[in-house]
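As structure tokens, the structure follows; a few thoughts come after it.
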Amino acid sequence: MLVLQTIRENPEAALKLLAIKNFDGKEIIQTILSLDDKRKETQKMLDDNLAQSNTLAREIGILYKTGKAAEASLLKEKTSQLKELAKELSTIFESTKKELEEALLKVPNLPHPSIHHGKTPEDNEIIHQEGLIPHLPITAIPHWDLASKYDLIDFALGNKISGAGFPVYKGKGARLQRALINFFLDRAIDEGYKEIQPPYLVNAASGYGTGQLPDKDGQMYYAPLDDLYLIPTAEVPVTNIYRDVILKESDFPLKNVAYSSCFRREAGSYGKDVRGLNRLHQFDKVEIVQISHPERSYEVLEEMRTYVSGLLRALELPFRILKLCGGDMSFTSAMTYDMEVYSAAQKRWLEVSSISNFESYQANRMKLRYKDETGKMQLAHTLNGSALALPRIVAALLENNQTDKGIKIPEALVRYTGFGFISET
RNA sequence: GGAGAGAUGGCAGAGCGGUCGAAUGCGGCGGUCUCGAAAACCGUUGAUCCCAUUUGGGAUCCGGGGGUUCGAAUCCCCCUCUCUCCGCCA
């Protein structure tokens, strides 16, 4: 949720930035401003009214104590009128506040001024690419075929047990998965991140905190009996650790890393783009989350980008970094880098990480604040990124490293897998 | 699932229906002392919003919602959550 103050101070500037995200905010900003005016006006009247009531009540108390009951009951009559008015005013006040908040929630985060206007993923800017694109023989096969050839992942079995998008990892497939998780966690810990094991089901307040609700509630699995949501990413529980928290300036930067399974309904996706491991309902991910001082959040964003690049390099995967255009950025993000890995048999770039700075957008909603050196409350900045999402990494590893005899495991992973090669036997 | 207890400021913990934003202790901050630190002592210490903006004034907040009352942290009702015991169970 945007800070109302930024809209108030310069609505024109806000509109301009929103346009980068292809969001026409003219109407809603106008609504917000007039609702806020109305809110203030009503509050003034209500406060004055309550102040009068309070004074009267105090006087009545004194009169009773001094035995002047007659005078007291005279004053009592006055209060009843005040009370009636107060009731009306507070109804208006409450409903105005609610409308204002609802309107505010409909406004996406302002993109960083450096973000390009753009409509589709094609408009994203490729800012970096490295690693050799492997040239595979024509006999090379996509990962879903490799997975069954070497009995690593069983999609049909997942289908039977749960449904499409719930693969079963087996044998070396399962061990590869586990190796990657440990590898990612260890690297993050070396980098100063604190490991967190979060809950997989969260309440609605947490969903609102990070912005999955009210917008994208259709993307989350929901358990109505207990009114809980399955997490679509560890970002939700981990960032919500800091909901309603007041930090000290010396607490920055807070660096957390969490492995979790992620659950996404992915309603409406189908086709060859989602084949194999490309898009799943349940997948594993290691997520890094940082809470930053506002002045340093963009340095932190770069630091996270560098860190994730290092992971991909260690896995010897060719990758590129995209700076997302306004149109492709999420509702809550101010700047996002996508990291994509080249999956050589599919001949496709696959997104394996998305690193975002939300500035104070999530913090405002969550009331995540700190006291600055003058003792004033300020909103912190939140950032997160995948480091990394497992399935597409596995897809690229299998495809890029396939040979006639089997699949080679990158050097850095061998001490985690316990094997350096996957072959048919 | 059954029975009971509770929810108050960063934490702990008081609080006859009026002067309670709330005692007290701890913690935090500032000071005295000290070469420095500890101890001791003194002082200070919540959030949000509105008006005025220089000092300032006002409203709201004691889990959430409703009610009684001129007046509620204190009384009544509902909800939620937590804890203890029993049952079940990884």
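Order of the sequence lines fixes the chain letters, A, B, ..., with proteins taken first and strands second; residue numbering starts at 1 for each chain. Below, each value reflects all heavy atoms present in this structure, side chains not excepted, and no hydrogens, waters or symmetry copies. Just so you know, these numbers come straight off a predicted model, no measurement behind them.
A gap of 29 Å separates the P atoms of rC26(B) and rG64(B), to the nearest Å. Taking atom P on both nucleotides, rG6(B) is separated from rG13(B) by 14 Å, rounded to a whole Å. Rounded to the nearest Å, the gap between the C1' atom of rG15(B) and that of rA7(B) is 15 Å. Here, rA73(B) and rG67(B) have their P atoms 15 Å apart, quoted to the whole Å. Taking the P atoms as reference points, rU45(B) lies 13 Å from rG56(B), given to the whole Å. Taking the P atom of each, rU68(B) and rC85(B) are spaced 41 Å apart, rounded to whole Å. Between the P atoms of rA22(B) and rA47(B), the separation comes to 14 Å (whole Å). Here the separation of rA37(B) from rG30(B), taken at their P atoms, is 12 Å to the nearest Å.
Counting any heavy atom pair closer than 4.0 Å across all strands shown, K97(A) reaches no nucleic acid atom.
Pairs of residues two or more places apart, or lying in two chains, that qualify as salt bridge (Lys or Arg N to Asp or Glu O under 4.0 Å) and include a residue from residues 290-303 of chain A are K255(A)-E303(A), E302(A)-R305(A). The stretch residues 323-338 of chain A participates, sequence neighbours left out, in no salt bridge (Lys or Arg N to Asp or Glu O under 4.0 Å) pair at all. Here ring-ring contact (aromatic ring centres under 6.0 Å, His included) pairs that include residues 81-112 of chain A, with residues two or more places apart or in two chains, are H112(A)-Y298(A).
Partners of K97(A) by salt bridge (Lys or Arg N to Asp or Glu O under 4.0 Å), not counting sequence neighbours: none found. The side-chain contact (heavy atoms from CB on, under 4.5 Å) search around K408(A) returns N401(A), F421(A), not counting sequence neighbours. For H293(A), the ring-ring contact (aromatic ring centres under 6.0 Å, His included) partners at least two apart in sequence or on another chain are F252(A), Y370(A).
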For residues 31-40 of chain A, dump all side-chain donor-acceptor pairs below 3.5 Å to protein atoms at least two apart in sequence or in another chain.
unit_1, atom_1, unit_2, atom_2, d
T31(A), OG1, E27(A), O, 2.9
S34(A), OG, Q30(A), O, 3.4
S34(A), OG, T31(A), O, 3.2
D36(A), OD1, R39(A), NH1, 2.2
D36(A), OD2, R8(A), NH1, 2.4
D37(A), OD1, R8(A), NH2, 3.0

Could you give the side-chain donor-acceptor pairs of residues 198-213 of chain A under 3.5 Å, partners two or more places apart or in another chain?
unit_1, atom_1, unit_2, atom_2, d
Y200(A), OH, S261(A), N, 3.2
N203(A), OD1, A205(A), N, 3.4
N203(A), OD1, S206(A), N, 3.0
N203(A), OD1, S206(A), OG, 3.1
S206(A), OG, R243(A), NH2, 2.9
T210(A), OG1, S206(A), O, 3.1
T210(A), OG1, Q212(A), OE1, 2.7

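Looking at L322(A) and E125(A), their side chains never come closer than 4.5 Å, going by heavy atoms from C-beta outward.
Comparing I246(A) and K40(A) by the nucleotide of RNA chain B whose heavy atom lies nearest to each, the residue mapping closer to the 5' end is I246(A). When each of R39(A) and I62(A) is assigned the nucleotide of RNA chain B bearing its nearest heavy atom, the one mapping closer to the 5' terminus is I62(A).
For the segment residues 80-93 of chain A, the set of residues with a heavy atom within less than 4.0 Å of an atom of RNA chain B comprises K83(A), in numerical order. In the region residues 42-60 of chain A, proximity to RNA chain B at under 4.0 angstrom, judged on heavy atoms, holds for Q43(A), K44(A), D47(A), L50(A), A51(A), N54(A), A57(A), I60(A).
Listed by first residue number, the stems of RNA chain B with at least three Watson-Crick or G-U pairs below 3.5 Å are B:1-7 with B:80-86, B:10-12 with B:24-26, B:27-32 with B:40-45, B:46-51 with B:56-61, B:63-67 with B:75-79.
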Can you list the steps and then say if K285(A) with T233(A) is a side-chain hydrogen bond (donor to acceptor under 3.5 Å, both in side chains)?
CA-CA 8 Å; K285(A) 183 158 64 66; T233(A) 158; 2.8 Å; yes
In sequence, state the C-alpha distance, the side-chain angles, and the governing distance for S333(A) and S330(A), and then conclude on side-chain hydrogen bond (donor to acceptor under 3.5 Å, both in side chains).
CA-CA 5 Å; S333(A) 172; S330(A) 78; 4.6 Å; no
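Along RNA chain B, the stretch of nucleotides lying under 4.0 Å from any heavy atom of chain A spans, 5' to 3', rG18(B) to rG71(B).
For the 3.5 Å distance criterion, the side chains of Q346(A) and N278(A) qualify, holding a donor opposite an acceptor.
Between Y307(A) and Y193(A), the two ring planes are tilted [angle within 30° to 60°]. Y222(A) and Y229(A) have tilted rings, their planes meeting at an angle from 30° to 60° on a 0 to 90° scale.
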